[in-house]
2 protein chains.
Amino acid sequence: MMTIGKLGRAAGVKVPTIRYYEDIGLLPEAERSAGNQRLYPDSMLSRLCFIRHARELGFPLDAIRDLLRLAAHPDQPCEAADQIAGEQLAAVRARIGQLKALEGELARMVASGAHGTVGECRVIEVLGNHALCARDHGAGAGVFA
Amino acid sequence: MMTIGKLGRAAGVKVPTIRYYEDIGLLPEAERSAGNQRLYPDSMLSRLCFIRHARELGFPLDAIRDLLRLAAHPDQPCEAADQIAGEQLAAVRARIGQLKALEGELARMVASGAHGTVGECRVIEVLGNHALCARDHGAGAGVFA
DNA sequence: CCTAATGTCTCTAGTGACTGGAGGTTCAAG
DNA sequence: CTTGAACCTCCAGTCACTAGAGACATTAGG
């Protein structure tokens, strides 16, 4: 049996975060010592590590909740786990795509190098450029020729 | 002068978001009609578009606040704007790097394909793998050989 | 056995950037 | 004049924590 601090250090998770996980039901309510301090069995370390890894991979807590439920039933088919991971992979790939587009735009902004004044500043200019304000007010607003 | 709904549609920003921007001081307090409804001059559209573009590029609102202040003084040197954009670019690149690592790990998890049961499921297995729980409890916990 | 330092407890509130709803008022069209 | 959309304020919720206040518990050293 270990205290919350030891558990946190072992798993690489901060103490308030563990209490938060208990609050939201991701970890079961811990046993308590005579002095009302939480005490965890070693098995909690695995569970918490599982959660940490999943968080590092960007899984939202709701998905982790599902994964934990699945992990508790090793005899059942694992399609659901595959699906969750697949969705996460798709989300990550989509985000990478978006960020690469942004990177390109930012790089162009910055690349123009040192200009004198804000008036000539490409950063400000690009951000203020109405032509980029594309999506919806091209139709009637008269901004587009 | 336009109402908040028109402004929102023109800029591609939802109405409550505009009110939120006013709350936090990113937009000035709007004039009001006789019936207490917000009225905006056309210049507000540029400002809001500026904000939207910057948000799409991932700038945090605080950075946008700074950029707006800068944009208001076209005669001053624009080093500050360049620096903000440079920081944002660095942040985006760092995030892309992280996400690519995650993508690799997720892809490997998912790639193993259809297994029968959760017991053999690579997704669950990888997440529960103590060896990945590397950072801090390799020292004394005995998990590492 | 006492003390000091550290660890833990609960509770509340804050973060960022919105989003949504309730319950009420105002406006424009027919 | 009535209907329905758009607007108003205020409050609460989202996600995943993080920080702080003020009090109790535990542990190591003297």
Side-chain angles (χ1 to χ4, degrees), chain A residues 1-27 29-40 44 47-68 84 87-88 91-92 95 98 102, chain B residues 1-27 29-40 44 47-68 84 87-88 91-92 95 98 102:
Chain A
M1 285 298 188
M2 55 201 342
T3 63
I4 198 172
K6 231 176 257 259
L7 176 65
R9 250 163 296 144
V13 175
K14 288 186 190 146
V15 167
T17 304
I18 298 174
R19 288 197 277 249
Y20 168 73
Y21 286 163
E22 183 181 311
D23 271 5
I24 64 169
L26 211 56
L27 293 176
E29 289 195 19
E31 284 182 62
R32 299 300 180 112
S33 74
N36 197 36
Q37 301 196 348
R38 289 173 181 81
L39 289 180
Y40 297 93
M44 234 9 95
R47 193 179 177 91
L48 190 52
C49 283
F50 185 102
I51 295 172
R52 178 164 81 94
H53 297 154
R55 285 295 301 135
E56 282 173 355
L57 290 170
F59 289 88
L61 290 182
D62 272 354
I64 296 174
R65 210 189 303 270
D66 291 346
L67 288 169
L68 282 167
I84 291 169
E87 280 167 14
Q88 180 58 19
V92 166
R95 190 80 186 110
Q98 282 175 9
L102 298 188
Chain B
M1 286 298 189
M2 56 200 344
T3 62
I4 197 171
K6 231 176 257 257
L7 176 65
R9 249 163 294 138
V13 174
K14 289 186 189 149
V15 166
T17 303
I18 298 174
R19 289 196 276 247
Y20 167 73
Y21 286 162
E22 184 181 311
D23 272 4
I24 63 169
L26 211 57
L27 293 176
E29 290 195 20
E31 285 182 61
R32 300 300 181 112
S33 73
N36 196 35
Q37 302 197 348
R38 289 173 181 81
L39 289 180
Y40 297 93
M44 234 10 92
R47 192 179 178 92
L48 191 52
C49 283
F50 185 102
I51 295 172
R52 178 163 83 94
H53 296 154
R55 286 293 304 134
E56 283 173 355
L57 290 170
F59 289 87
L61 292 183
D62 272 355
I64 296 174
R65 209 188 303 269
D66 291 346
L67 288 169
L68 281 167
I84 291 169
E87 280 166 15
Q88 179 59 19
V92 166
R95 188 83 186 109
Q98 282 174 9
L102 299 187

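Every chain is numbered from 1 and lettered A, B, ... according to where its sequence line falls, protein lines coming before strand lines.
For the pair A/G5 and A/V15, the tightest heavy-atom approach, listed with the atom from each and the gap, is CA-CG2, 3.9 Å. Closest approach of A/L39 to A/R32, counting heavy atoms only: CD1-C, 4.4 Å.
Not one side-chain nitrogen or oxygen of B/T17 sits closer than 4.0 Å to the OP1 or OP2 atom of C/dA17. Taking 4.0 angstrom as the limit, B/R38 places none of its side-chain polar atoms (N or O) nearer than this to OP1 or OP2 of C/dT26. Within the 4.0 Å cut-off from OP1 or OP2 of C/dC18, at least one side-chain nitrogen or oxygen of B/Y21 is found.
For the pair A/L48/A/Y40, no side-chain contact is recorded, criterion being any heavy-atom separation below 4.5 Å from C-beta on. Using a 4.5 Å heavy-atom cutoff, the side chains of A/I4 and A/R19 are in contact.
With values rounded to the nearest 0.5 angstrom, A/Y21 atom OH is found 14.0 Å from A/M44 atom CE.
Nucleic acid contact for A/R19: base, since at least one base atom lies under 4.0 Å from a heavy atom of the residue. Among the atoms of the strands shown, none is found under 4.0 Å from any heavy atom of A/F59. Within 4.0 Å (heavy atoms only), B/I24 reaches no atom of the nucleic acid at all.
The interatomic distance linking A/Y20 (OH) with C/dT12 (C1') rounds to 16 Å, in whole Å. To the nearest angstrom, P of C/dA17 lies 15 Å from CG of B/L27. With rounding to whole Å, B/D62 atom CG is found 12 Å from C/dC18 atom P.
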Return the polar atom pairs (N/O with N/O) between nucleotides 27-30 of chain C and the protein under 3.5 Å, or none.
from   : atom 1 : to    : atom 2 : distance (Å)
C/dC27 : OP1    : B/G35 : N      : 3.1

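A/I51 pairs with exactly one of A/T17, A/L26, A/V13 by the side chain to side chain contact (heavy atoms under 4.5 Å, CB included) rule, that one being A/L26.
Side chain of B/R52 to backbone of B/A11: a donor-acceptor contact under 3.5 angstrom is found.
Classification of A/R38 and A/E22 as a salt-bridged pair holds, one side-chain N sitting under 4.0 Å from a carboxylate O.
Mapping B/P60 and A/R32 onto DNA chain C via the closest heavy atom, the residue that lands nearer the 5' end is A/R32.
Contacts between chain B and DNA chain D, taken as any atom within less than 4.0 angstrom of a protein heavy atom, begin and end at D/dC7 to D/dT9.
Within a 6.0 Å sphere centred on CD of A/E31, heavy atoms belonging to other residues, nucleotides or ligands number 12 at most.
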